[in-house]
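Keep in mind that the numbers below use all heavy atoms, side chains included, and drop hydrogens, waters and symmetry copies. Proteins get letters first, then strands, A, B, ... in listed order; numbering begins at 1 in each.
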Protein chains: 2
Amino acid sequence: MAVTIKDIAKYAGVSVTTVSRALNGYPDVSEETREKIKKIAEELNYSPNSIARGLVTNKTHTVGLVVSELIKPGAYHPFFLEILAGIKAGLRKDKYDLILYTVDPASQDVTPYEKLCNDRKVDGAIVEGLKLSDPYIDEIKNTKIPTVLIDIPILNDKVGYVSSDNVQAAFEATSYLVKLGHKNIGFINGHNDAAVSFERLEGYKKALYKSNIPYKDEYVVFDDFTQDGGYNCFRKMIFENPEITAVFHASDLMAIGSLKAAQDLGMRVPEDISIVGFDDIELASLITPGLTTVRQENYKIGYMAARHLISIIKGEKPKHIVVPHRLVIRQSAKKI
Amino acid sequence: MAVTIKDIAKYAGVSVTTVSRALNGYPDVSEETREKIKKIAEELNYSPNSIARGLVTNKTHTVGLVVSELIKPGAYHPFFLEILAGIKAGLRKDKYDLILYTVDPASQDVTPYEKLCNDRKVDGAIVEGLKLSDPYIDEIKNTKIPTVLIDIPILNDKVGYVSSDNVQAAFEATSYLVKLGHKNIGFINGHNDAAVSFERLEGYKKALYKSNIPYKDEYVVFDDFTQDGGYNCFRKMIFENPEITAVFHASDLMAIGSLKAAQDLGMRVPEDISIVGFDDIELASLITPGLTTVRQENYKIGYMAARHLISIIKGEKPKHIVVPHRLVIRQSAKKI
DNA sequence: AAATTAAACCAAAACGTTTTGGAAAAGGTG
DNA sequence: CACCTTTTCCAAAACGTTTTGGTTTAATTT
């Protein structure tokens with residue numbers, strides 16, 4: 001059996017209370033005994049039973065990461081890893097552990113959000129990749145569990161969120177195309193089930209408005225954030241509006257889909273059509289032509305989410321944290 | 001406060017013992033009271049406190065996933081997500097939760113393996129991405145904690161491993177190149193700190209031997225599994241051995257590096273040089289030319305690892321599980 | 001009717017901590 | 001020296017379960 005606080009107490013000839021208080025840095029134990037206890041604990045290779053501790057403190061020093069759609073067949077979440085890495089880095093400082101929940105809306109097993117968290121007694125949770133229509137959203141709107149969402153604007157007593165400034169980012173991307181001389185600019189947006197889609201549309205509109213380019217409904221179309229989505233949308237859009245010379249996309253995957261579609265249609269990128277994406281996934285720099293896109297600092301988003309969650313757990317007020325983005329100019333968009 | 005077993009006992013007018021035994025399906029409680037208790041539990045929205053349970057049963061129904069090098073700057077682990085998805089699927093059946101440890105050899109905080117696991121009281125762990133030189137390896141060799149390794153051959157009372165048949169896979173890939181008529185076949189291998197590197201080298205040699213092609217030391221070179229590694233190795237290899245017409249790689253990233261290098265050197269793939277990779281990452285099908293490569297069933301590897309770990313936890317004997325691979329033929333290798 | 005067995009239940013201990021509410025010892029003050 | 005503080009310690013309770021080792025009641029067998 002593992003060595004417990006009792007063993008130490010016995011060895012040291014003190015009570016378990018004293019051992020506990022010595023090890024946890026309480027002031028009411030003399031330096032002398034504290035040292036003795038610490039030494040014994042060291043020698044016995046003692047490490048506290050976190051379960052027992054959790055039972056009494058009602059804190060586990062564990063946070064959940066709730067992620068949806070990790071495993072959409074054929075399309076692994078393109079930047080989950082970056083976010084995850086950021087989260088881990090953010091948690092490391094305060095020694096929080098991470099327990100990973102992948103919720104699969106398809107599966108029957110739709111454990112309610114609060115139950116999910118309470119069953120494992122996490123101190124808080126980060127939520128990522130949820131659609132607006134997900135039932136969790138409503139639950140989270142009035143949960144008492146410290147929660148930080150990524151890319152979903154919900155704010156209350158215990159929940160905050162972090163995201164890029166999608167309006168501004170889309171504004172910049174579209175403005176860049178305008179600056180290159182494009183007037184007929186399509187927008188292949190993500191589905192309506194994502195908060196970012198609305199924000200990006202707003203940014204797109206804003207950029208057009210500012211340049212006195214009339215907004216046309218038929219120039220914007222919604223679909224999945226996937227490559228196939230981009231592929232199909234592009235064909236349709238170009239077929240119906242051949243005057244379009246540039247297309248802005250709500251994701252790099254979609255942009256890459258468009259790229260393929262353009263190639264298949266015998267169009268050259270960027271000579272015949274300019275393409276701009278969103279995300280700056282790894283792939284964006286590897287394909288030819290390199291994809292001009294909006295870089296999201298996903299690592300930082302994850303990092304901030306973790307730090308903010310910890311602060312909420314510690315009692316601070318939740319807020320909206322915006323993480324900077326930047327336009328990465330490569331070869332897929334060109335002056336006309 | 002959350003509702004406990006005591007509340008139910010009070011409502012039902014029975015002891016906590018009976019509630020516990022009723023809920024856990026013990027036979028010594030009448031169907032009548034069992035139903036009553038179940039109903040009350042349902043109504044009160046009771047869900048057992050896993051911490052308290054864990055304290056007495058000494059089981060947490062949680063497994064750890066220990067992964068190294070998740071976050072090598074610039075190179076996110078290319079198929080971690082697939083493995084992770086498989087692991088989650090494998091755990092779901094038995095309702096095990098997953099807690100994620102990313103060990104960062106660079107950081108000072110090298111918590112010993114056993115301490116890592118014991119502190120959080122995981123029932124077992126899956127270990128992935130470790131180098132052979134990692135100190136964890138030695139610890140795991142004689143740990144008592146149920147463990148399943150991915151791609152690292154260690155077998156004992158409590159630890160098993162799962163991997164592809166790397167010898168056979170490399171054999172097939174090399175043989176394919178031989179079949180295409182290549183005689184001067186380079187091999188850009190991974191570093192010596194990975195078990196798979198040795199196995200793949202063996203397969204490569206075997207294929208040459210079988211076809212009576214003499215093995216040449218200068219045709220094989222070791223490096224990281226990264227794109228840069230491939231890029232640099234390829235340049236060097238081709239420069240020193242211009243007679244080479246095909247190169248087999250220990251990873252797709254390296255193969256892609258070679259592809260870039262070849263392009264930069266003005267060589268056409270596959271016309272001037274045939275390239276074969278290993279892994280079949282997503283990118284492999286997206287680039288042009290499509291990369292011929294060995295597909296590793298990473299999802300399945302993860303799945304099997306999880307299932308096997310659970311079986312070890314339940315007391316079964318650890319073993320080596322090999323997960324099938326297959327050669328995926330695309331356009332990057334060609335007959336000469 | 002007494003003895004045995006089976007079914008249904010329960011009180012208390014246990015798990016390993018932290019926390020509560022003191023108590024004892026030591027030191028200081030008048 | 002009597003009183004008050006401060007310092008240092010501790011016994012017991014608490015956290016919410018499961019498990020142990022019963023007891024009680026009813027049914028069955030002799």
> Distance from B:Glu35 atom CD to B:Ile40 atom CD1, nearest 0.5 Å?
Replying inline: 11.5 Å
In this structure, how many angstroms lie between the [atom2] atom of [N] and the [atom1] atom of [X], rounded?
{"X": "A:Asn24", "N": "C:dT18", "atom1": "CG", "atom2": "C1'", "answer": "8 Å"}
{"X": "B:Asp119", "N": "C:dT17", "atom1": "CG", "atom2": "C1'", "answer": "14 Å"}
{"X": "B:Arg53", "N": "C:dA14", "atom1": "CZ", "atom2": "P", "answer": "22 Å"}
{"X": "A:Lys10", "N": "C:dG16", "atom1": "NZ", "atom2": "P", "answer": "12 Å"}
{"X": "A:Leu55", "N": "D:dA13", "atom1": "CG", "atom2": "P", "answer": "17 Å"}
{"X": "A:Ile5", "N": "D:dC10", "atom1": "CD1", "atom2": "P", "answer": "13 Å"}
{"X": "B:Asp7", "N": "D:dT17", "atom1": "CG", "atom2": "C1'", "answer": "13 Å"}
{"X": "A:Asp28", "N": "D:dT5", "atom1": "CG", "atom2": "C1'", "answer": "15 Å"}

>> Closest-nucleotide mapping onto DNA chain C: is A:Arg21 or A:Thr4 further toward the 5' terminus? I mean the 5' end.
In response: A:Thr4
With sugar-phosphate meaning primed atoms plus P, OP1 and OP2, does [X] contact a base, only sugar-phosphate, or nothing at under 4.0 Å between heavy atoms?
{"X": "B:Pro48", "answer": "sugar-phosphate"}
{"X": "A:Ser50", "answer": "nothing"}
{"X": "B:Thr17", "answer": "base"}
{"X": "A:Asn49", "answer": "sugar-phosphate"}
{"X": "A:Thr57", "answer": "sugar-phosphate"}

Quick one: is [X] getting a side-chain N or O under 4.0 Å of the [N] phosphate, OP1 or OP2?
{"X": "A:Tyr26", "N": "C:dT19", "result": "yes"}
{"X": "A:Thr18", "N": "D:dC10", "result": "yes"}
{"X": "B:Asn58", "N": "C:dC15", "result": "no"}
{"X": "B:Ser20", "N": "D:dT18", "result": "yes"}

> Distance-only, no hydrogens or angles: does the A:Asn156 side chain make a donor-acceptor pair with backbone N or O of A:Lys141 under 3.5 Å?
Replying inline: yes
> Looking at the side chain of B:Val56, which of D:dC9, C:dT17, D:dT18 is the nearest nucleotide?
Replying inline: D:dT18
>> I'd like to know if A:Asp94 pairs up with A:Lys314 as an ion pair, taking the criterion as any Lys NZ or Arg NE/NH1/NH2 lying under 4.0 Å from an Asp or Glu carboxylate oxygen.
In response: yes
> Do B:Lys131 and B:Asp134 meet the salt-bridge criterion of a basic N to acidic O distance under 4.0 Å?
Replying inline: no
> Between A:Tyr96 and A:Thr62, does a side-chain contact (heavy atoms from CB on, under 4.5 Å) hold up when you go through it step by step?
Replying inline: CA-CA 5 Å; A:Tyr96 274 83; A:Thr62 303; 5.9 Å; no
